[in-house]
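To keep things clear, I will list the structure first and then write my remarks on it.
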Amino acid sequence: MIKLAQPQAQRLVLLLAGAVRSVLLYPGSHPAVVQQFAHLGSHVTELLRAYPEVRIGIIDGVLFCENHLFFTPTAAEEELAALLTNRHVEAVAFRAGLTPLELERFVELLTRRELLGEQLVAEVKRAGIAAISVELCGSGATEDHSQGDDEYDPGTTYREALDVVTGLFSEVEKGRIPSSDKLRGVVDRMATMIMQDRATLLGLAMIKDYDNYTFYHSVNVGILSMSLGAAAGLQRDELGELGMAGFLHDVGKTRVEITILNKPGRLSSDEYERMKRHSEEGARIVGEMPGVGERIARAVLGHHIRFDRAGYPESARALAFDRFCDIIAVADCYDAITTLRVYKSPLNPKDALLKLRSLAGSHLDSGLVQAFTEMMGRYPVGTLVRLDTNEVAVVFRPDPNGGERPVVKVVADPAGRLLDPAHMKNLARETGTRIVSVVDPLMTAIDVNRYLG
């Protein structure tokens with residue numbers, strides 16, 4: 001066993017955990033993935049210049065990196081330990097000669113849920129990754145993954161949801177009526193997770209992608225709708241139906257010209273009338289999808305009808321709409337106003353809640369806005385804040401008590417230097433630290449998305 005300095009060992013563990021998390025959340029070409037692997041590859045290369053081999057693994061249930069045991073692991077370290085355990089991996093050894101491409105390929109294999117024990121070893125060998133060896137615990141059994149692997153379900157499920165929505169919208173664009181089976185499976189998993197912990201997907205629902213707005217927006221609205229539905233007291237079966245409606249609420253935009261969707265300025269009267277028809281188009285599409293009920297189609301039709309029923313489509317104002325429409329309207333509005341678009345800058349999450357309140361009673365249901373505000377907390381997930389230590393942090397999970405002490409990721413030190421990796425602080429436990437102000441990400445060049453996975 002070699003003797004690494006403690007900062008070297010901790011940095012390797014955190015960078016490896018971050019690489020795993022980025023692969024679970026984003027496609028391989030995403031800047032967050034590329035950047036994470038660049039940092040990990042650089043650090044591993046530096047270590048292997050000094051040592052012939054570096055090992056990370058689990059001993060007696062405790063994560064280790066060479067001579068260092070992580071008895072009080074951070075959230076990221078706990079996730080890495082859980083992943084190794086559930087893949088039946090006792091240790092991973094990185095050896096001299098390891099290339100960045102081999103390292104990246106190994107992490108991708110490690111995140112594949114079906115590769116357990118000997119199956120993982122075989123795939124590493126098949127990929128020609130000679131400079132990494134995988135040591136298995138016990139017999140290296142390959143039985144189904146245990147419930148502990150559920151820690152990885154949020155990121156995996158979010159990415160699957162994006163893939164499903166992208167494929168479904170593509171089918172509609174080609175004039176086909178898609179199956180709802182894959183979407184139903186993803187939504188059902190999310191509904192179960194949200195019933196267990198309403199905050200579990202909130203961070204993911206704040207991930208934005210300027211170039212793929214419609215797909216990310218659809219998934220985020222689905223998540224926010226289900227989270228709000230749970231907060232409002234809906235039961236498990238209703239959450240699944242609500243989630244389907246949230247994911248599909250904008251499917252009618254596949255029938256709107258791209259020049260209108262991406263127009264940088266104000267729409268003309270004719271263009272606005274064309275845009276408004278997406279609700280009716282969407283309800284028509286959803287109504288033809290097998291396995292999708294009338295309640296979902298009706299929610300898609302009415303998601304712009306407004307709480308005071310003065311919205312559109314005008315022809316539907318006299319119809320009976322249930323709370324699905326009002327819940328989706330709150331989620332749709334929140335995600336839209338917190339996202340950068342070609343025609344407007346985003347509001348920070350805290351200001352977005354103030355905007356929702358200003359719309360309560362007319363555009364939005366006042367009771368649901370109140371429930372949404374309480375669910376998100378005084379500093380919603382995704383808010384960039386300054387602590388009284390002068391550190392800058394991203395809110396990662398809301399204060400469970402609805403107060404001003406959420407869980408945050410500290411991303412910049414008191415001198416303004418970005419931290420790599422960021423580290424967690426639970427302000428509810430660190431009573432000496434508090435939030436003093438909200439910071440505008442656009443003024444700091446901090447990519448909040450990077451820290452929400």
Side-chain angles (χ1 to χ4, degrees), residues 6-26 30-44 56 63 65 70 72-83 107 151-152 154-155 158 199-208 348-349 377 379-399 405-430 432-453:
Q6 199 276 339
Q8 289 179 309
Q10 185 166 40
R11 179 170 170 78
L12 178 57
V13 168
L14 290 175
L15 287 175
L16 180 58
V20 166
R21 196 70 163 158
S22 68
V23 169
L24 288 169
L25 286 173
Y26 304 109
H30 194 282
V33 177
V34 174
Q35 185 178 48
Q36 195 69 47
F37 275 112
H39 292 311
L40 175 61
S42 176
H43 188 56
V44 170
I56 290 177
L63 182 69
C65 179
F70 294 83
T72 55
T74 65
E77 291 160 358
E78 284 183 346
E79 288 179 355
L80 180 59
L83 177 62
V107 172
E151 288 186 68
Y152 290 88
Y158 185 87
T200 193
L201 293 171
L202 289 182
L204 297 172
M206 284 303 296
I207 293 175
K208 315 291 186 180
N348 70 60
Y379 292 98
V381 173
T383 306
L384 194 65
V385 297
R386 188 175 302 281
L387 307 180
D388 59 0
T389 57
N390 208 39
E391 296 169 306
V392 176
V394 175
V395 176
F396 189 67
R397 286 178 69 90
D399 184 333
R405 295 190 172 278
V407 176
V408 301
K409 282 187 176 180
V410 179
V411 301
D413 68 14
R417 293 182 295 262
L418 292 182
L419 300 177
D420 186 16
H423 63 271
M424 292 276 201
K425 275 190 178 183
N426 187 338
L427 299 186
R429 296 177 182 171
E430 300 192 23
T433 305
R434 63 186 179 87
I435 295 171
V436 294
S437 65
V438 173
V439 178
D440 184 353
L442 298 179
M443 299 300 292
T444 62
I446 292 176
D447 179 11
V448 172
N449 277 1
R450 178 185 170 195
Y451 303 101
L452 293 176

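- Here the closest heavy-atom approach between residue Leu452 and residue Phe396 is recorded as O-CE1, 3.6 Å.
- Val33 and Ser22 get closest at one heavy-atom pair: CG2-O, 3.5 Å.
- The shortest non-hydrogen separation linking Pro406 to Tyr379 is CG-CB, 4.4 Å.
- Here Pro421 pairs with Arg11, Leu14 under the side chain to side chain contact (heavy atoms under 4.5 Å, CB included) rule; sequence neighbours left out.
- In this structure, the side chain to side chain contact (heavy atoms under 4.5 Å, CB included) partners of Thr444, at least two apart in sequence or on a different chain, are Leu384, Val439, Ile446.
- At least one donor-acceptor pair under 3.5 Å links the side chain of His43 to the backbone N or O of Gln8.
- With sequence neighbours left out, Glu391 forms a salt bridge (charged side-chain N to carboxylate O under 4.0 Å, His left out) with Lys425.
- Residues that satisfy the salt bridge (charged side-chain N to carboxylate O under 4.0 Å, His left out) test with Asp440, not counting sequence neighbours, are absent from this structure.
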Should Leu40 and Leu12 be marked as a side-chain contact (heavy atoms from CB on, under 4.5 Å) after you check the CA-CA gap, both sets of side-chain angles, and the distance that decides it?
CA-CA 7 Å; Leu40 175 61; Leu12 178 57; 4.0 Å; yes
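- Applying the side chain to side chain contact (heavy atoms under 4.5 Å, CB included) criterion to Ala38, with sequence neighbours excluded, gives no partner residue.
- Proximity of a side-chain donor or acceptor of Arg405 to a complementary backbone N or O of Leu427 within less than 3.5 Å is detected.
- Residues Ala205 and Tyr158 share a closest heavy-atom pair of N-CE1, 4.4 Å.
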What's the verdict on side-chain contact (heavy atoms from CB on, under 4.5 Å) for Glu77 and Gln10, showing C-alpha distance, side-chain angles and the deciding distance?
CA-CA 9 Å; Glu77 291 160 358; Gln10 185 166 40; 3.4 Å; yes
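- The CE atom of Met206 sits 14.0 Å away from the CG atom of Leu201 when rounded to the nearest 0.5 Å.
- Evaluation of the side chain to side chain contact (heavy atoms under 4.5 Å, CB included) rule for Pro398 yields Ala199, Leu202, Val381 as partners, not counting sequence neighbours.
- Residues passing the side chain to side chain donor-acceptor pair (under 3.5 Å) test with Arg386, sequence neighbours excluded: Asn390.
- Between Gln36 atom CD and Leu16 atom CG the span is 9.5 Å, to the nearest 0.5 Å.
- Using a distance-only test at 3.5 Å, with no hydrogens or angles considered, a donor-acceptor pair links the side chain of Lys409 to the main chain of Tyr451.
- Counting all heavy atoms, side chain and backbone alike, Gly382 lies closest to Val448 at O-CG1, 3.5 Å.
- Under the side chain to side chain donor-acceptor pair (under 3.5 Å) criterion, Asn348 pairs with Asp351, sequence neighbours left out.
- Partners of Asp420 under the salt bridge (charged side-chain N to carboxylate O under 4.0 Å, His left out) rule, at least two apart in sequence or in another chain, are Arg450.
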Under 3.5 Å, which donor-acceptor pairs link side chains of residues 410-418 to any protein atom two or more places apart or in another chain?
{"from": "Asp413", "atom 1": "OD1", "to": "Ala415", "atom 2": "N", "distance (Å)": "2.9"}
{"from": "Asp413", "atom 1": "OD1", "to": "Gly416", "atom 2": "N", "distance (Å)": "3.0"}
{"from": "Asp413", "atom 1": "OD1", "to": "Arg417", "atom 2": "N", "distance (Å)": "2.8"}
{"from": "Asp413", "atom 1": "OD2", "to": "Arg417", "atom 2": "NE", "distance (Å)": "2.9"}
{"from": "Asp413", "atom 1": "OD2", "to": "Arg417", "atom 2": "NH2", "distance (Å)": "3.1"}

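- When atom types are taken as modelled, the side chain of Asp388 and the backbone of Val436 share no donor-acceptor pair closer than 3.5 angstrom.
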